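Below is one structure, written out as C-alpha cells, with a few remarks after it.
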Amino acid sequence: MIDSSKIMLSKDVLKDKVIVITGGGTGLGKSMAQCFSSLGAKISIWGRRLEIIENTAKEIENTSGNRVLAVQCDIRNYNEVENALNKVIEEFGYTTSLVNNAAGNFVSPTERLSNRAFDIILDIVLKGSKNCILAFGNYWIKNKKTGNVLSITTTYASTGSGYVVPSAAAKAGVLAISKSLAVEWAKYNIRFNTISPGAFPTKGAWDRLFPQELSNKIDFVKKIPLGRVGEHHELANLASYLISDYSAFMNGEEIIIDGGEWLKGAGEFNFLDMIKPDEWDEIEKSVRKAKS
Ligand code: HXC
Ligand code: NAP
C-alpha cells in the first residue's frame with residue numbers, strides 16, 4: 001500500500017468517477033486503485049485470481065471507505081469482458097474510466113519461445129486491451145457518455161526491445177490503438193492517454209524480468225540516470241491526474257516516467273559517464289590539439 005501522505009490531488013477530486021482497473025489486484029494496478037479510491041472514486045478491479053482481487057478490494061475499501069468491486073475476468077475473452085462490464089454497471093449505474101493495466105510478460109531470448117508462449121503475451125496485452133477498449137467504447141458511444149481510457153504501456157513500446165519481444169509488440173499495438181482512437185473517438189468525447197513506466201518494483205514484474213540469477217550479474221539501477229527505481233505513488237499520482245478532469249485537454253499523449261532511463265540508452269555519448277573527472281584533462285588536451 002502507498003503512503004497516503006504522498007497522494008498529490010485533493011480528497012474527493014474523483015468522487016464522480018467509476019474506474020475499472022484491469023489487473024488491479026496486484027502491483028501497480030493495486031497502487032493506482034488505492035490512490036483513486038482515496039480520492040473518492042468508486043473502483044472495480046479485474047483479474048483472473050478471485051481471491052487476490054477480493055482481498056485487495058477489502059483492503060482498499062477498509063482504508064478509503066469507498067466501494068471497491070472485485071470482478072473475476074480473463075480479459076482475453078471478449079464475452080467475459082462484456083459480462084464484467086455489465087456487473088460494474090449493475091453495481092454503480094455507470095462507468096467513466098478504464099485503466100488498461102493487466103499484462104503478461106517474461107524475459108526470454110525470442111528463439112526459445114514456443115508459438116504458444118509468444119501468443120499468450122499478445123493475447124493478454126494486445127487482445128485483452130483491445131477487448132476492453134471495444135466493450136467500454138461501445139458502451140459509452142451507445143449511451144452518449146463521456147469516456148476516458150488510460151493504458152499502461154512501457155518505454156520499449158516505442159523503441160522495441162530484445163528479450164521481451166512479444167511484450168514489445170503487444171505494447172506497441174496498444175500505443176497505436178490509443179493514439180488512433182484519441183483522434184477517431186474524440187467526436188464521442190472519449191479520450192485516450194498512455195503512461196510508459198520504467199522500472200517500478202513489483203513482484204509480478206521482478207520475478208519474471210529481473211530474477212535473482214540475472215540481477216546477480218547486472219545492476220539494472222545503473223541504467224537509470226536518477227540512480228533509483230520509481231516509487232508507486234509517483235506513478236499513481238500521474239495516473240490520477242490523467243484520470244481526473246484536470247487533464248481534460250490531454251488526448252493521445254504518451255507520458256514516460258522512467259528517471260531518464262530510455263534517453264540514457266538513446267543518447268550517442270551518454271556512455272561517457274564511465275570517464276572519471278581527472279581523465280577528462282588528458283582527453284581535453286587531445287581534443288584541443290585537433291585545431292592545429
Ligand atoms: C519461455 C515460457 C516461460 C519462460 C512461460 N512460458 N514462461 N517460455 N520462458 N520463462 C511458456 C510456457 O511454456 C507456455 O508455452 C506458455 O508460455 C504459456 O505459459 P503458461 O504458464 O501455460 O501460461 P499462463 O498460466 O496463462 O501464464 C501466463 C504467463 C504468466 C504470462 C506465462 O507469467 C502470467 O500469468 N503473468 C501475469 C503477470 C505478469 O506477467 N506480470 C508481469 C508484467 S510486467 P508452451 O508452448 O510450453 O505451452 C511488465 C513490465 C514491462 O509487463 C517492463 C518492465 C521494465
Ligand atoms: P503485476 O503485478 O504482475 O500485474 C499484472 C496484473 O495483470 C496481475 O494482477 C494479473 O492478475 C493481471 N492479469 C494478467 N493476465 C490477465 C488476464 N488475462 N485477464 C485479467 N487480468 C490479467 O505487474 P505490474 O508490474 O504491476 O504491471 C502492471 C502494468 O505495468 C503492466 O501493464 C506492465 O506491463 C506495466 N509496466 C510495469 C513496469 C514495472 O516496472 N513494474 C514497467 C513498465 C510497465 P491475474 O494473474 O490474477 O489475472
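Just follow the structure's listing: the first ligand is 1, and inside any ligand the first atom is 1. Residues: numbered from 1 along the sequence shown. Values in this document were obtained by computation on a predicted structure and should not be read as measured data.
- Within 4.0 Å of atom 12 (C) of ligand 1, not a single protein heavy atom is present.
- Within a 4.0 Å radius of atom 46 (O) of ligand 1, the protein contributes one or more non-hydrogen atoms.
- At a distance under 4.0 Å, a protein heavy atom can be found next to atom 8 (N) of ligand 1.
- Residue-level proximity to ligand 2 for Trp206 is carried by the side chain, the only part with a heavy atom below 4.0 angstrom.
- Using a 4.0 angstrom heavy-atom cutoff, Val125 does not count as in contact with ligand 2.
- Looking only at atom types and distance, the side chain of Thr110 has no donor-acceptor partner in the side chain of Tyr163 under 3.5 Å away.
- Nearest protein heavy-atom neighbour of atom 20 (C) of ligand 2: Cys73 O, 3.2 Å.
- Note: no N/O pair closer than 3.5 Å links Trp46 and ligand 2 by distance alone.
- Under a 4.0 angstrom heavy-atom cut-off, Ala199 registers as lying outside contact with ligand 1.
- Which of Phe106, Tyr156, Phe200 comes nearest to atom 2 (C) of ligand 1 through a heavy atom is settled by distance: it is Phe106.
- Within 4.0 Å of atom 35 (O) of ligand 1, at least one protein heavy atom is present.
- For ligand 2, one of its N or O atoms has an N or O atom of Lys171 under 3.5 Å away.
- Distance screen at 4.0 Å: atom 29 (C) of ligand 1 has no protein heavy-atom neighbour inside the cut-off.
- Atom 31 (C) of ligand 1 has its nearest heavy-atom neighbour, among Asp119, Asp207, Ile121, in Ile121.
- The proximity of Leu28 to ligand 2, defined as any non-hydrogen pair under 4.0 Å, involves the side chain as well as the backbone.
- At least one N/O-N/O distance between Thr202 and ligand 2 falls below 3.5 Å.
- Both the backbone and the side chain of Pro197 come within contact range of ligand 2, each with a heavy atom under 4.0 Å.
- Using a 4.0 Å cut-off between heavy atoms, Arg48 contacts ligand 1 through its side chain alone, with no backbone atom that close.
- With a 4.0 Å cut-off on non-hydrogen atoms, Ile124 touches ligand 2 through its side chain and not its backbone.
- Classification of the Tyr188-Trp185 ring pair by plane angle, with boundaries at 30° and 60°, yields perpendicular.
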